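What follows is one structure encoded as structure tokens, with my remarks underneath.
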Protein chains: 2
Amino acid sequence: MSWTVGELARLAGVTVRTLHHYDRIGLVRPSERTSAGYRSYDAHDLDRLQQVLLYRELGFPLDEVATLLDDPEADPAAHLRRQHRLLRERLERTRAMVAAVEKEMEARQMGISLSPEERFEVFGDWLPEEYAAEAEERWGDSDAWAQSQRRTAAMTKEDWLRVKAEGDDVERRFAAALAAGAPADSNAAQDLAEEYRQQISRNFYDCSPEVHAGLGRMYVEDERFSAYYERIAPGLAQYVSTAVQANATRQS
Amino acid sequence: MSWTVGELARLAGVTVRTLHHYDRIGLVRPSERTSAGYRSYDAHDLDRLQQVLLYRELGFPLDEVATLLDDPEADPAAHLRRQHRLLRERLERTRAMVAAVEKEMEARQMGISLSPEERFEVFGDWLPEEYAAEAEERWGDSDAWAQSQRRTAAMTKEDWLRVKAEGDDVERRFAAALAAGAPADSNAAQDLAEEYRQQISRNFYDCSPEVHAGLGRMYVEDERFSAYYERIAPGLAQYVSTAVQANATRQS
DNA sequence: GCAACAGCCTGACGTCGCGTCAGGGTCAAG
DNA sequence: CTTGACCCTGACGCGACGTCAGGCTGTTGC
């Protein structure tokens, strides 16, 4: 079985020009040429192109891809293993970025501001061994924390006031439920948590029960968020956290 | 609070040159200059840089990032929502690529070859609405299937023979267990499944119980994989599949 | 009080991975 | 035997910076 440039390009989701380029630089060469000079790719070339595209997708420059693939030590299985590992690292990194965006959304809703270090954290070079040392340094330095200030929200004034009023309302009712002695995992508290979740979804972003549970954990684990709730009523951070997580379990 | 280029660069994990570039093209301009002409970035600029880096990470060209951020209709919350959505799409795509690599590894181990369409599937333009129509077309055309051929493995000959012998051994013992009437979820069968999983991990890639369970499902859902087992013994595809999934549950 | 050195500035050219013509040959269908 | 889809090789362009070069600034140590 063999393919022309156009066929292979369609198959692989790249342009003909890209294949010309890869031929020119010797990265993926067609194993044959027809008498008219047409490129003719076979199954083996296809294999190679697939590998190239995967490494490219993972962010490798083409010359590095070439040295990787031309390494006689590395058999196909080794490449698959490496690609597997790199993809899982990317999965982790993306998950971290999703979490960071969610944290930012939540902070914005509450009018809390995150420290600059924290906000760029997820963009770092992401060399795992560096991470431990850097995190140490970052969290040890409490100046960064002191710097954190009120956020000037940039919504339309009226929108913001409406949204804030809605939020305040739920918070007040949480505080009332706590004062009335309703357990955090009671139906009443869980209903409030669900209302809270839907409010976030409506006003900010699509907040699944799982995501909401993550936020719930943060309310007690992150001191700025817990301080926010504790200022409303003592014990409220833990109360809301428990209610939110219980509701998440109930909803799924 | 304000930052110099160098400080901001270190904070955000980019080079000074990048910030110069963003200033030149008007994407992120320092809100002030010192009397000596030094760039001075404030918290607001930092905000903007964060947004730019996130969109950049997601693959947007800088001019599009500029139009996105300068759209007066889009408030910060809208950006966060969009970024959240895009990140989750990326998460899905990465998951699909991990699954594809795992399928390829497994196919290689069994000496099955995947069709070219299948192998490039994950690289497509990834426009979700196109996807349904294209998949329809792809899977409807059974010529593609007919084209699928035996794979010429490119491991060292001896390595391959050893690995293949190991695999054959486990397969034979699975077949024997089936013939002996041991239930697929018996301890004996699950022990074989666990041995199989460790064999994959040792010879091919780090195969977690969850990953292995996914492969197990594929043994019955993908006809080429099930045909492979059925050729060894009737009922073996389902048997191995069940054992593997039961073991995955047991291990976690 | 000044040297040294890290850090800032503005050009300006280089690079990587292609996109995009231009100008021309090839080939299956009608 | 023409039409239209596909192929070829230059060659230039571009986006997003990297990398000097040549020069100013500002703090620290003696």
Side-chain angles (χ1 to χ4, degrees), chain A residues 2-42 45-46 48-70 120 123-125, chain B residues 2-42 45-46 48-70 120 123-125:
Chain A
S2 74
W3 294 266
T4 69
V5 260
E7 286 165 1
L8 183 54
R10 238 175 312 136
L11 205 60
V14 300
T15 67
V16 169
R17 180 65 177 87
T18 300
L19 294 179
H20 282 177
H21 186 56
Y22 291 174
D23 186 5
R24 171 73 55 96
I25 65 174
L27 186 53
V28 182
R29 312 208 107 128
S31 49
E32 268 193 289
R33 292 276 190 150
T34 70
S35 55
Y38 283 23
R39 290 171 178 82
S40 176
Y41 295 89
D42 69 7
D45 304 330
L46 213 138
R48 176 142 176 130
L49 179 58
Q50 188 192 14
Q51 305 276 14
V52 166
L53 293 183
L54 228 168
Y55 279 125
R56 183 187 72 166
E57 173 86 27
L58 286 166
F60 286 84
L62 297 187
D63 56 349
E64 276 186 45
V65 173
T67 62
L68 280 176
L69 292 181
D70 293 340
F120 284 113
F123 292 117
D125 292 331
Chain B
S2 74
W3 296 266
T4 68
V5 259
E7 287 165 1
L8 184 53
R10 238 175 313 134
L11 206 61
V14 299
T15 67
V16 169
R17 180 64 178 88
T18 299
L19 294 179
H20 282 177
H21 186 56
Y22 291 174
D23 185 4
R24 171 73 53 98
I25 66 174
L27 186 53
V28 182
R29 313 207 105 128
S31 49
E32 267 193 289
R33 293 275 190 148
T34 70
S35 56
Y38 283 24
R39 290 171 179 81
S40 175
Y41 295 89
D42 70 6
D45 304 330
L46 213 138
R48 177 142 176 131
L49 179 58
Q50 187 193 15
Q51 304 277 12
V52 166
L53 292 184
L54 228 167
Y55 278 125
R56 184 187 71 166
E57 172 86 27
L58 286 166
F60 287 85
L62 297 186
D63 56 351
E64 276 185 46
V65 173
T67 63
L68 280 176
L69 292 181
D70 293 339
F120 284 114
F123 293 117
D125 292 331

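In the text below, chain A, chain B and the rest are named by the order of the sequence lines, each starting its count at 1. Fair warning: this is a prediction, and the values are worked out from it, not measured in the lab.
No side-chain heavy atom of Leu19(B) sits under 4.5 Å from any side-chain heavy atom of Arg39(B).
Across the protein-nucleic acid pair, Arg56(B) atom CZ and dG15(D) atom C1' stand 13 Å apart, rounded to whole Å. Atom CH2 in Trp3(A) sits roughly 19 Å away from atom P in dC6(D) (whole-Å rounding).
At least one donor-acceptor pair under 3.5 Å links the side chain of Glu7(A) to the backbone N or O of Thr4(A).
Comparing Thr15(A) and Thr34(A) along DNA chain C, the residue whose closest nucleotide (by nearest heavy atom) sits nearer the 5' end is Thr15(A).
Ion pairing between Arg48(A) and Asp42(A) fails under the 4.0 Å rule for side-chain N and carboxylate O.
Nearest heavy atom pair, residue Gly37(B) against residue Arg33(B), reads O-NH1, 2.9 Å. Of all heavy-atom pairs between Arg24(A) and Arg29(A), the closest is O-NH2, 3.8 Å.
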- Message: For a quick check, with a 4.0 angstrom heavy-atom cut-off, what is the B/S/- contact string for nucleotides 5-16 of chain C, read 5' to 3'?
- Response: --BSSB-B----

